[in-house]
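The next block holds one structure in the form of structure tokens; read it before the comments.
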Amino acid sequence: MAEQIFAFFCVGVLLAVLYDIFTFFRCLLPTKVCCFIIDFIYFVPAAVITFIFLLSYNNGQSRAIYYAAIFCGFILYILTFYRLTFRLWKKLAQIIRTAVLFICKIIKKLLQSLSKLYYNIKKIFLPKINIRALPVVKNFARRAQRQNKKSKAGSSNERKCQKAKGKFQKKQ
């Protein structure tokens, strides 16, 4: 029995180490949504590990003493090593975030300078083309103007209906 309790105590320490690793990602991405997702991702393997140990040591029977041993192992790690590693994770996450932001700024400046270079090359080397001067565009514009005139006037059927309405209204 003592061997099983010690094994579950070690599981608690293992789960605390796993939580410590996930804490690094929580420090790296400190938004509430990311913390929720990371916590959810932590609890899935924690539940699986606990279930596997319950199956292997006690044929799946759940006893309060095992959960107490897991809890004690977890609390022991949190009160000792976690305080040290949390500071380390926080500083490391800050360094990584700063480096990523610096690299993003460099990439942004590079893309902006490439955009300016493209604009200048286009302005210098590509001639200005008057689109309305092209024959295809002229023909298209003329057809569009004719269509607009016809649609404003209405179709022949619409005109006949309007005349018939006018005659009918005059008789009354």
Side-chain angles (χ1 to χ4, degrees), residues 7-56 66-67 69-155 158:
F8 280 98
F9 180 81
C10 292
V11 168
V13 172
L14 175 74
L15 293 177
V17 169
L18 187 64
Y19 182 75
D20 198 13
I21 293 168
F22 278 94
T23 301
F24 169 70
F25 294 109
R26 289 180 68 190
C27 291
L28 195 60
L29 306 166
T31 63
K32 289 182 180 181
V33 174
C34 289
C35 287
F36 174 76
I37 292 170
I38 291 169
D39 283 345
F40 184 77
I41 292 171
Y42 164 74
F43 282 111
V44 170
V48 169
I49 290 170
T50 304
F51 181 70
I52 288 172
F53 268 85
L54 278 173
L55 280 177
S56 64
Y66 297 138
Y67 291 111
I70 291 172
F71 182 72
C72 288
F74 192 87
I75 292 299
L76 180 72
Y77 182 86
I78 293 296
L79 293 178
T80 55
F81 295 110
Y82 180 75
R83 290 183 179 190
L84 301 172
T85 57
F86 181 72
R87 293 181 191 143
L88 175 73
W89 293 139
K90 214 170 184 180
K91 289 179 184 176
L92 187 63
Q94 184 64 34
I95 291 169
I96 290 173
R97 262 191 264 128
T98 306
V100 168
L101 287 175
F102 180 72
I103 290 170
C104 287
K105 284 182 183 179
I106 290 174
I107 291 172
K108 182 179 176 184
K109 292 286 185 184
L110 180 67
L111 292 175
Q112 285 176 346
S113 60
L114 286 175
S115 174
K116 289 177 185 177
L117 180 68
Y118 170 73
Y119 174 77
N120 290 331
I121 289 173
K122 184 177 134 184
K123 187 176 178 182
I124 293 170
F125 293 110
L126 293 178
K128 292 184 179 180
I129 299 172
N130 186 359
I131 293 177
R132 294 192 180 264
L134 296 174
V136 174
V137 176
K138 282 184 180 179
N139 292 336
F140 180 75
R142 287 181 191 148
R143 280 190 222 135
Q145 286 175 353
R146 288 184 200 140
Q147 291 292 331
N148 285 338
K149 287 179 184 177
K150 285 182 181 179
S151 64
K152 287 180 184 177
S155 66
E158 289 177 1

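Because the structure is predicted, anything quoted here is derived from the model rather than measured.
Among residues two or more places apart in sequence or in another chain, the side-chain hydrogen bond (donor to acceptor under 3.5 Å, both in side chains) test is passed with Tyr66 by Gln4. Here Thr23 pairs with nothing under the side-chain hydrogen bond (donor to acceptor under 3.5 Å, both in side chains) rule; sequence neighbours left out. By the side chain to side chain contact (heavy atoms under 4.5 Å, CB included) test, Leu84 is found to be paired with no residue, residues two or more places apart in sequence or in another chain being considered. In terms of the ring pair (Phe, Tyr, Trp, His ring centres under 6.0 Å) criterion, Phe71 has no residue partners (sequence neighbours excluded). A search for ring pair (Phe, Tyr, Trp, His ring centres under 6.0 Å) contacts involving Phe51 returns nothing, not counting sequence neighbours.
Counting only residues at least two apart or on different chains, the side chain to side chain donor-acceptor pair (under 3.5 Å) pairs with a member in residues 96-106 are Gln94-Arg97. Within the structure, no pair that satisfies the salt bridge (charged side-chain N to carboxylate O under 4.0 Å, His left out) test touches residues 13-24, not counting sequence neighbours. Residue pairs meeting the salt bridge (charged side-chain N to carboxylate O under 4.0 Å, His left out) criterion with at least one member in residues 72-84: none, sequence neighbours excluded.
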Got a list of side-chain donor-acceptor pairs under 3.5 Å for residues 25-43, not counting sequence neighbours?
residue : atom : partner : partner atom : Å
Arg26   : NH1  : Tyr19   : OH           : 2.9
Thr31   : OG1  : Cys34   : N            : 3.4
Tyr42   : OH   : Leu15   : O            : 3.1

Checklist entry - Going through the distances and angles, do Phe86 and Ile78 end up as a side-chain contact (heavy atoms from CB on, under 4.5 Å)? => result CA-CA 10 Å; Phe86 181 72; Ile78 293 296; over 6 Å; no
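Aromatic ring pairs are classed by plane angle as parallel below 30°, tilted from 30° to 60° and perpendicular above 60°; the pair Phe24 and Trp89 is tilted.
A 4.5 Å side-chain heavy-atom check between Phe9 and Leu76 finds at least one atom pair inside the cut-off.
If you take CZ on Phe102 and CD1 on Ile107, they are separated by 11.0 Å, rounding to the nearest 0.5 Å. A distance of 6.5 Å separates CG of Leu18 from CG of Leu14, quoted to the nearest 0.5 Å.
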